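As the structure is a computational prediction, the values presented were derived from the model and not from experiment. Residue numbers start from 1 in every chain, and the chains themselves are labelled A, B, ... in the order their sequence lines are given, proteins ahead of strands.
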Amino acid sequence: MEDEKPTVYPYIPNSVPAVKKQMLKEVGAESVDNLFEDIPEKLRLKEKMNLPKPFVSECALRRHVEGILSKNKTCREYLNFLGAGCWQHYVPSVCDEINQRGEFLTAYAGEPYDDHGRFQALFEYASMMGELLDMDVVNVPTYDWFQAAATSIRMASRITGRREVLVSRTVSADKLSKIRDYCKPQIEAKLIDYDPETGQLDLDSLGAKVSSKTAAVYFENPSYLGFIEVNGDEISKVAHDHGAICIVGVDPISLGVLSPPIEYGADIVCGDLQPLGMHMQFGGGHAGFIATRDEEKYVMEYPSRLFGIAPTMVEGEYGFGDVAYERTSFALREEGKEFVGTAAALWGITAGVYLALMGPQGMLEIGKGIMQRSHYAMKEVSKIKGVRCPAFKSPHFKEFVVNFDGTGKAVREINKALLSHKIFGGKDLTKEFPELGNSALYCVTEVHTKADIDKLTEALKEVVG
Amino acid sequence: MEDEKPTVYPYIPNSVPAVKKQMLKEVGAESVDNLFEDIPEKLRLKEKMNLPKPFVSECALRRHVEGILSKNKTCREYLNFLGAGCWQHYVPSVCDEINQRGEFLTAYAGEPYDDHGRFQALFEYASMMGELLDMDVVNVPTYDWFQAAATSIRMASRITGRREVLVSRTVSADKLSKIRDYCKPQIEAKLIDYDPETGQLDLDSLGAKVSSKTAAVYFENPSYLGFIEVNGDEISKVAHDHGAICIVGVDPISLGVLSPPIEYGADIVCGDLQPLGMHMQFGGGHAGFIATRDEEKYVMEYPSRLFGIAPTMVEGEYGFGDVAYERTSFALREEGKEFVGTAAALWGITAGVYLALMGPQGMLEIGKGIMQRSHYAMKEVSKIKGVRCPAFKSPHFKEFVVNFDGTGKAVREINKALLSHKIFGGKDLTKEFPELGNSALYCVTEVHTKADIDKLTEALKEVVG
Amino acid sequence: MKDITEERYVDGKPKLRRFHQARWDEPIIFELSNEGERGILVPEVEEELKGSVGDVLSRIPGKMLRKKRPELPELSQPRVLRHYVRLSQETLGTDLNIDVGQGTCTMKYSPKVNEQIARMPQVAEIHPLQDEETVQGILEIMYKFEQILKEISGMDRFSLQPGGGSAAIYANASIIRAYHESRGEADQRDEIITTIFSHPSNAACARTAGFKVITLYPNEDGYPDIQALSAAVSERTAGLMITNPEDTGIFNPKIEEFVDIVHEAGGLCAYDQANANGILGITRARDAGFDLCQFNLHKTFSAPHGCGGPAAGAIGVADELGKFLPVPVIEFDGSKYRLNYDRPESIGKIRSFYGVVPVVLKAYAWVMSLGAEGLKEVAETAVLNNNYVLKKLLEVPGVSAPYAKGKRRIEQVRYSWEKLAVDTGVHSEEIGLRAADFGVHYWTSHHPWIVPEPCTIEPTESYSKSELDEYVQIIRNVSDEAYKNPELVKTAPHNSTIHRIDHAPLDDPSQWAVTWRAYRKKVKRDKAGE
Amino acid sequence: MKDITEERYVDGKPKLRRFHQARWDEPIIFELSNEGERGILVPEVEEELKGSVGDVLSRIPGKMLRKKRPELPELSQPRVLRHYVRLSQETLGTDLNIDVGQGTCTMKYSPKVNEQIARMPQVAEIHPLQDEETVQGILEIMYKFEQILKEISGMDRFSLQPGGGSAAIYANASIIRAYHESRGEADQRDEIITTIFSHPSNAACARTAGFKVITLYPNEDGYPDIQALSAAVSERTAGLMITNPEDTGIFNPKIEEFVDIVHEAGGLCAYDQANANGILGITRARDAGFDLCQFNLHKTFSAPHGCGGPAAGAIGVADELGKFLPVPVIEFDGSKYRLNYDRPESIGKIRSFYGVVPVVLKAYAWVMSLGAEGLKEVAETAVLNNNYVLKKLLEVPGVSAPYAKGKRRIEQVRYSWEKLAVDTGVHSEEIGLRAADFGVHYWTSHHPWIVPEPCTIEPTESYSKSELDEYVQIIRNVSDEAYKNPELVKTAPHNSTIHRIDHAPLDDPSQWAVTWRAYRKKVKRDKAGE
Ligand SMILES: Cc1ncc(COP(=O)(O)O)c(C=O)c1O
Ligand SMILES: Cc1ncc(COP(=O)(O)O)c(C=O)c1O
């Protein structure tokens with residue numbers, strides 16, 4: 001009985017030496033080296049790359065990787081109150097079931113025939129988002145809310161031919177950084193102040209900064225700091241009065257209870273799909289949506305793909321395809337709108353599954369339930385001595401700022417202490433919003449029970465007490 | 001905006017009250033109660049069942065169940081050396097990928113047309129097992145090895161018209177219990193002794209018990225106690241000389257290195273598929289196989305389904321169907337062979353995937369690698385003072401008996417102590433094989449590294465020292 | 001180009017779908033083999049370890065060492081995956097179709113959340129012989145599930161060990177035997193009574209357990225015949241093993257009298273509750289006097305059918321039979337769960353270890369998602385759905401529902417296409433193959449074939465009215481076709497993975513082939529002379 | 001009955017498969033809605049909690065409270081599942097087909113083990129803002145993967161933040177801008193040079209970042225034109241952004257000279273390494289002098305394409321550009337991993353948090369399963385496969401491989417069907433639709449359409465010789481058909497989920513509909529007048 005042969009790689013069928021030899025013969029090459037004839041000798045790597053020794057068996061590989069990952073603590077083991085752009089919502093099992101189906105997971109850019117299901121699923125995703133947003137056009141997802149916001153602003157700039165955007169000061173520092181980098185060559189971003197009492201966008205500040213140079217006003221609802229911007233109407237009116245476009249960034253999971261932004265004047269709405277069925281994945285579960293009315297001047301400014309419905313030769317059969325493909329960079333290179341590439345389609349399909357599972361009643365209930373829980377948390381936390389919560393006098397959705405000035409303890413310390421209670425405390429805002437003092441942004445969702453919130457309150461009491 | 005409606009169950013579409021009402025109208029019933037008219041009032045349950053309050057949301061349900069399960073310690077967290085009929089082998093990712101595909105997972109008993117894939121996958125499973133076993137007929141899996149052994153014995157009894165089976169004494173007590181329960185009405189099981197030095201089936205004992213009443217001789221290879229029965233030839237010869245059938249139970253993962261039992265005279269071969277791609281699942285991953293030559297007298301005695309290949313109307317197309325269906329209890333009720341029911345088909349498909357991934361080279365390498373590791377473990381463990389290992393002087397495959405008589409410690413104590421090292425020690429044999437003294441059955445497979453084995457040795461040293 | 005517009009019928013709602021099943025025309029896996037390819041590599045052995053043990057294979061005595069490598073196919077990993085994913089697409093699971101056509105099989109929705117939980121390492125990666133302290137979670141679930149089944153059935157003790165419904169029925173037969181043995185009546189009491197519309201496993205398991213089987217036929221009204229029962233019982237009666245509702249969907253209203261008669265004769269009564277879906281929370285086995293019962297967790301309790309398992313059966317018994325249950329039983333002392341093997345009168349082991357644990361887990365999770373009210377909702381909706389489909393199907397030409405005329409049915413209905421066959425020459429099986437052209441199951445296994453041209457539909461609670469309407473519409477359409485164009489039906493399927501199979505070789509010992517190697521020897525070689 | 005025997009061609013091995021894709025004819029999900037059905041229930045709120053907070057909705061000011069519920073479909077859970085599982089079967093992933101027809105996309109095998117690991121709670125259920133102590137595992141993997149990419153590319157620093165290849169290219173453009181800004185030359189240096197066969201994102205991202213774009217065309221031999229480059233560079237040159245091998249599969253042998261010329265002019269050079277699959281371990285970006293590069297982890301590094309993402313891009317830069325990388329960067333002090341935001345010259349954020357972590361994890365696991373030798377084996381086999389297919393395809397009538405005649409190609413080949421189109425009137429796109437009838441992709445997106453009747457094949461290392469032969473055989477067959485029966489090809493697909501689409505409405509603002517609501521308003525209502 002013969003012994004082990006030299007390694008053949010399971011992922012590389014033709015690594016079988018005999019097959020390789022035969023194929024080399026077919027192509028008339030002496031050795032594989034010959035095939036790289038166009039690569040100058042000088043550029044050819046002489047030694048083996050200095051990489052770690054591999055784990056060639058799946059068993060050893062898995063043990064290696066899982067061993068490293070076991071150093072993480074998860075939000076199943078710990079009670080998590082972090083949000084700030086990535087939120088712990090419940091992911092229905094059917095969402096994972098669908099996005100792990102090999103067909104969806106490994107498809108890519110096939111034709112509307114062989115990939116009919118992909119097109120239909122993404123068309124349906126857009127259609128359901130359209131209902132949630134009350135808007136007629138929704139893109140195939142882009143990377144994340146950051147990108148969606150930045151692109152929305154550039155769309156507005158192209159539509160208006162203007163080069164200034166007014167952005168609410170309560171937008172996260174990171175998102176603002178992205179917007180600035182992405183808009184830099186074309187568009188200047190100016191910040192609009194907020195009311196220190198309520199957090200609400202300051203209409204005076206807006207009035208002072210808006211002008212005929214303003215391409216768009218961008219604000220979020222609920223805001224990054226958790227409260228609801230109640231003056232959407234007024235803000236959009238100011239924008240419109242100056243010929244500017246009103247862009248609203250929105251957390252889609254709020255839309256069972258909060259008005260869709262189009263109701264208060266939004267022209268472009270954007271946001272993140274992560275709450276709709278994506279695991280947090282250390283920030284790897286994001287996908288950005290952009291939505292507008294079905295007007296040519298808007299549609300033609302999307303850089304993303306847009307999938308539309310079309311008839312086939314067979315009566316009653318639906319086909320799909322790219323709408324106005326000739327606006328994209330695929331078609332026009334640098335003459336296209338911004339650029340388009342592989343982004344987050346699978347999360348779009350997943351968000352569609354999520355919305356289909358939830359239906360109108362589910363979206364209402366989840367929004368209401370989140371509010372009930374976060375209000376309970378605010379109420380309970382506010383009872384702790386030295387703690388001010390919520391820091392803003394405004395209605396809130398799922399996040400809220402907790403101020404610890406009165407406790408004499410830094411957020412950093414508090415959060416470290418909470419860890420020993422197996423709790424992840426809210427995001428430290430001291431660097432991002434120094435004017436808020438010693439504050440943290442807490443997030444409460446439908447995954448939290450009363451007992452969870454009570455546990456937080458007890459732990460906080462102990463920690464700051 | 002309206003508030004929550006009464007509950008509609010996501011798994012019960014027509015629990016929508018309006019739909020129910022409409023359907024009741026269609027069937028002409030006043031209420032659902034009417035539909036149970038045939039159930040006497042007296043038998044109707046008056047109160048609500050007294051069941052725990054449900055977790056109606058998926059989120060709460062998951063937390064409830066996962067909360068309970070988190071009390072388990074797994075063989076990923078602990079180092080496991082338990083075998084004894086359920087073995088920790090590596091499960092290739094593709095096995096799980098295939099057996100979780102909704103199509104296979106939720107199919108059942110469709111026709112060879114709409115379930116063509118199920119039939120082909122099970123035909124291929126049988127075909128690959130056939131190659132491993134060098135036999136032409138393999139059944140659609142039954143429940144487990146226990147059942148496969150018991151049925152093999154009943155098949156032999158029907159074929160020979162005899163009512164006595166000789167079973168090796170080294171078969172596990174549990175399996176023997178099953179065999180006795182299942183064969184009871186028809187067949188008496190008598191035990192053949194083993195050699196206390198080597199564990200080998202005692203040919204003298206066999207010679208003394210075999211007779212013209214013997215339907216079959218049943219032994220296992222490797223034996224339950226881990227050693228290899230080296231006298232297969234002689235045993236089967238004795239059986240055949242007395243007109244009896246030779247049945248061998250076999251661990252299929254050994255067959256890359258060990259001879260297929262047909263080579264040493266087996267007429268019926270049976271065993272468990274669990275090592276071939278099934279997780280341990282607390283003993284929930286078993287599936288039994290039975291294999292024979294392609295002789296009508298054998299084929300007609302299978303109670304299980306047998307899937308055969310057949311032509312279709314289209315040249316070159318393969319179809320499948322039941323072979324000799326009219327022998328089954330489905331067809332003949334009590335006149336069929338034993339009985340057939342839902343057993344473990346998905347594990348059969350999975351074992352097929354496993355064998356297709358492993359191929360001949362993989363099966364050779366895994367068998368050899370297991371032997372190398374178990375021999376290393378035996379060697380190292382045997383160095384510990386007071387420990388005798390292996391307890392039998394015979395070649396071994398993956399399991400071996402460790403005797404602790406010389407340590408003055410009971411296996412139970414030793415195993416408790418190993419727990420604090422995060423090690424699951426071998427199965428305590430003191431009740432099952434009192435004649436072996438204070439012994440345990442250890443199992444070492446391809447999942448164990450040298451470091452794992454060294455860790456065991458070190459821990460044992462500490463524990464017994 | 002083929003005009004498929006024709007295929008979408010418009011005479012009624014919903015329109016029929018223009019279906020075609022995936023057809024990959026995939027070769028047998030051996031035909032895909034490429035010498036030298038590897039699908040997976042096994043863990044390497046450390047050189048030091050190898051050196052320490054030397055040539056282990058040399059320790060295997062010559063004749064026990066495998067000489068010829070098994071002729072398994074040699075394939076890369078992606079090719080293996082592709083092969084099986086393609087085959088999966090050619091398989092019509094409940095996740096895919098309106099699966100009401102496999103009546104008596106309870107093809108209900110298997111919730112994905114339960115599947116996901118069952119695949120966690122906390123279930124998948126535990127060994128059954130681990131110290132009890134380290135498996136308290138799974139023991140708790142099994143124990144709690146037994147309590148649930150006790151409440152659902154009214155029984156006093158449960159075992160979750162059997163690997164399926166039939167294995168559970170066998171276990172009950174074995175307990176009946178043990179009971180009579182314990183009373184010294186085993187030799188005398190060697191007859192089990194069942195009914196012809198009880199699932200065949202009742203008769204088959206009883207016989208396998210050593211009993212003679214007496215089968216009762218329905219009376220004129222279609223109900224199990226109580227006179228026949230009275231005539232059948234005697235001092236030889238070991239017990240009654242019976243399905244209710246029977247596989248026809250008919251509930252035996254005299255069930256309590258049946259039990260009484262058998263009890264009076266000294267027999268035990270075992271209730272095959274595989275068809276319990278329609279009576280959850282409605283009526284209970286123990287309340288009708290049964291001594292034993294069994295549930296199929298892969299049916300009523302929603303665990304998926306897995307192409308035919310893993311399955312799980314649960315057996316419940318009255319107190320006095322508890323001592324006979326298989327070992328071990330799970331006990332709870334108020335703080336810890338433990339496995340008790342010390343049961344001298346037990347029938348012993350039914351299968352390895354403690355049962356098909358992942359299936360039990362899924363069943364537990366399913367019940368815990370519904371509770372008492374939810375389970376009753378399951379039953380009520382399943383029965384409403386069934387009677388709705390009954391109403392609609394009876395409007396289709398050629399079909400009837402024999403027995404118990406005008407009465408309601410519980411969980412399923414066994415229909416007959418006798419009239420259609422007479423009228424058109426189209427048989428039930430052919431209707432099924434044509435139904436497959438519309439993407440649904442319709443199975444043809446309805447033993448015993450007492451109902452002529454049988455067809456059994458079991459809607460369960462898992463399908464909406466619109467899906468049930470679609471199914472009925474498909475059947476109506478096939479019936480229409482049978483009357484108008486029988487050839488179309490008789491040559492079906494047209495839109496399936498494959499075409500009409502020639503079944504003859506499967507019953508011919510000289511041609512049948514259960515493995516590829518047998519096929520190569522018997523058929524391919526013969527034919528091609530290669 | 002249709003005679004499908006015809007469909008299995010026998011003129012050569014392997015025979016063509018008689019394929020039909022799953023066709024479920026599934027309605028749009030809104031059409032399936034049944035009022036009142038629920039797909040999932042959300043967690044209930046405890047009564048006590050509800051009582052404590054009162055009517056929270058009343059706190060939302062009137063105009064901010066949603067009045068009309070969103071018209072989402074209402075469906076039970078099994079129906080939602082069934083809908084999407086059916087749609088999935090109508091989608092042709094790499095797990096299903098010989099996916100070599102989407103050239104430049106590197107449709108290789110995505111190992112299932114990596115997917116399974118990425119779905120563990122240790123990856124899925126961690127929040128990016130958790131205390132660093134609690135995420136050391138994932139940070140370690142990201143850090144180690146950066147070290148791997150450094151070795152593969154020769155670059156000095158990496159960021160894994162970009163959400164895809166194009167996002168990475170954009171980030172590189174942004175870094176080039178920051179670099180020139182830091183030197184006070186941003187206004188002057190506003191031109192980026194690329195080649196026409198570099199992926200369009202190079203041109204598009206450069207423009208989006210504010211640069212003018214200069215595009216070089218190939219010289220007579222089909223190589224990027226070095227003279228044209230010399231003519232293009234100037235003191236306005238900000239940089240070169242270039243793919244190599246280009247999307248044609250041709251490696252630019254003068255790449256080092258290109259870099260030198262641009263460097264001399266004061267520009268930076270960014271290497272789009274999305275096509276790196278064929279050069280892993282063969283040649284490195286930094287060794288050719290590049291200052292920046294990017295990899296697509298969802299292509300070369302085996303992470304699945306997910307219908308178009310989640311994707312991930314990795315950007316690598318030379319030491320002197322390290323300070324411009326996005327924040328945060330991952331650092332390791334020998335015992336702990338940490339995120340460093342304190343980088344004043346950074347271009348800032350490219351996306352939320354730190355990158356598409358599960359994709360990074362899969363890429364890491366893939367590399368760790370292969371090692372240095374394995375990666376080189378990937379490259380060598382991919383290139384061998386490519387040249388093998390080139391050899392075989394050039395034997396097919398009507399096809400050619402323009403440019404660099406007689407030379408080897410690296411990762412893919414852009415072919416032309418110009419001759420076939422002239423001979424038969426059949427266009428490349430139509431060949432693709434007919435190829436779909438045999439169960440394979442063949443994509444038609446080959447911008448720029450400079451090669452007439454283009455077609456790009458990229459075999460990668462993931463397919464066996466027999467699968468490549470099957471693909472070639474399909475194409476040969478379609479070419480035969482084009483010559484013998486062009487109508488058959490021009491009316492394809494025949495075995496797909498759907499039939500020829502009328503694309504006209506998709507470019508007509510009055511008819512296009514990107515959502516069902518738009519369709520209902522614009523098309524359905526118009527038509528049916530409802
Ligand atoms: C050479 C090259 N560059 C860039 C890209 C764009 O990558 P992505 O699709 O991830 O944006 C691709 C994608 O195919 C490519 O092939
Ligand atoms: C009434 C009845 N009893 C018993 C069984 C047998 O169960 P199993 O297939 O699990 O062996 C069935 C299965 O369909 C059944 O319907």
Side-chain angles (χ1 to χ4, degrees), chain A residues 12-13 27 32 35 38 43 48-49 51 54 69 71-74 82 98 101-103 106-108 113-114 116-118 127 130-132 136 143-144 174 177-178 185 230 279 282-284 296 308 312-313 319 323 329 333-334 338-339 341-346 357 359-360 366 371 375 395 450, chain D residues 39-40 42 46 49 53 56 59 61 69-70 74 84 87-88 90-95 121-122 124-125 127-129 134 136-137 163-164 166 200 203-204 207 210 213 251 283 305-309 311 348-349 353 357 371-372 380 387 408 436 461 464 496-497 499-501 509 512 515-516 518:
Chain A
I12 315 178
V27 303
V32 184
L35 302 177
D38 260 350
L43 294 183
K48 208 171 87 172
M49 290 184 289
L51 293 178
L69 290 173
K71 297 173 196 166
N72 295 339
K73 304 277 176 249
T74 74
L82 287 160
I98 296 303
R101 295 264 314 162
E103 292 91 334
T106 67
Y108 190 37
Y113 302 92
D114 33 45
H116 178 75
R118 169 170 71 93
S127 298
E131 296 301 335
L132 196 63
D136 286 353
Y143 306 109
D144 61 0
D174 281 356
S177 164
K178 163 75 187 188
V230 299
H279 296 276
F282 204 51
E296 190 176 352
T312 77
M313 293 166 67
V323 163
S329 64
R333 299 176 74 87
E334 70 270 23
E338 304 169 38
F339 62 86
T342 317
L346 194 63
L357 287 168
I366 203 167
M371 281 190 68
H375 281 74
K450 179 173 174 299
Chain D
I40 192 166
V42 304
E46 297 87 346
L49 190 157
V53 297
V56 289
R59 307 201 192 163
R69 297 210 289 178
E74 299 178 65
Y84 281 101
L87 294 187
S88 79
E90 296 174 347
T91 305
L92 197 58
T94 300
D95 282 0
Q122 284 74 19
E125 300 293 346
H127 191 285
L129 299 173
T134 67
Q136 287 293 305
S166 302
R207 167 71 70 89
V213 175
F251 192 91
T283 183
H305 289 70
C307 283
K349 292 296 295 177
F353 306 107
V357 174
E380 291 184 347
N387 284 282
R408 306 293 184 183
E461 76 283 8
S464 67
S496 256
T497 302
H499 301 78
R500 280 272 165 144
I501 296 166
W512 71 37
T515 54
W516 184 242

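A donor-acceptor contact shorter than 3.5 Å links the side chain of A:T106 to the backbone of D:T94. Looking only at distances, no side-chain donor or acceptor of A:S329 sits under 3.5 Å from a matching main-chain atom of D:A204. A donor-acceptor distance shorter than 3.5 angstrom exists from the side chain of D:E46 to the backbone of A:K450, with no hydrogens or angles considered. Not one N or O on the side chain of A:T342 forms a donor-acceptor pair closer than 3.5 Å with the backbone of D:G308. Judged by distance alone, the side chain of D:D95 and the main-chain N or O of A:E103 form no donor-acceptor pair under 3.5 Å. No donor-acceptor pair under 3.5 Å is formed between the side chain of A:T74 and the backbone N or O of D:E125. D:T91 places a side-chain N or O within 3.5 Å of a backbone atom of A:R118 that can act as its donor or acceptor partner. Between the side chain of A:N72 and the main chain of D:Q122, a donor-acceptor pair closer than 3.5 Å is present.
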* Between D:W512 and A:E296, is a side chain to side chain contact (heavy atoms under 4.5 Å, CB included) present by the stated rule, with each step listed? -> CA-CA 10 Å; D:W512 71 37; A:E296 190 176 352; 4.1 Å; yes
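Contacts between D:S496 and chain A at a heavy-atom distance below 4.5 Å involve the side chain alone, from C-beta outward.
Expressed to the nearest 0.5 Å, how far CG of A:L35 lies from CZ of D:F251 amounts to 14.0 Å. The CG atom of A:D144 lies 9.0 Å from the NZ atom of D:K349; values are rounded to the nearest 0.5 Å. Here the CG atom belonging to A:L346 is positioned 13.0 Å from the NE2 atom belonging to D:H305, to the nearest 0.5 angstrom.
Looking only at side-chain heavy atoms (C-beta outward), A:M313 and D:I501 stay at 4.5 Å or farther from each other. The side-chain heavy atoms of D:H499 and A:Y113, taken from C-beta on, include no pair separated by under 4.5 Å.
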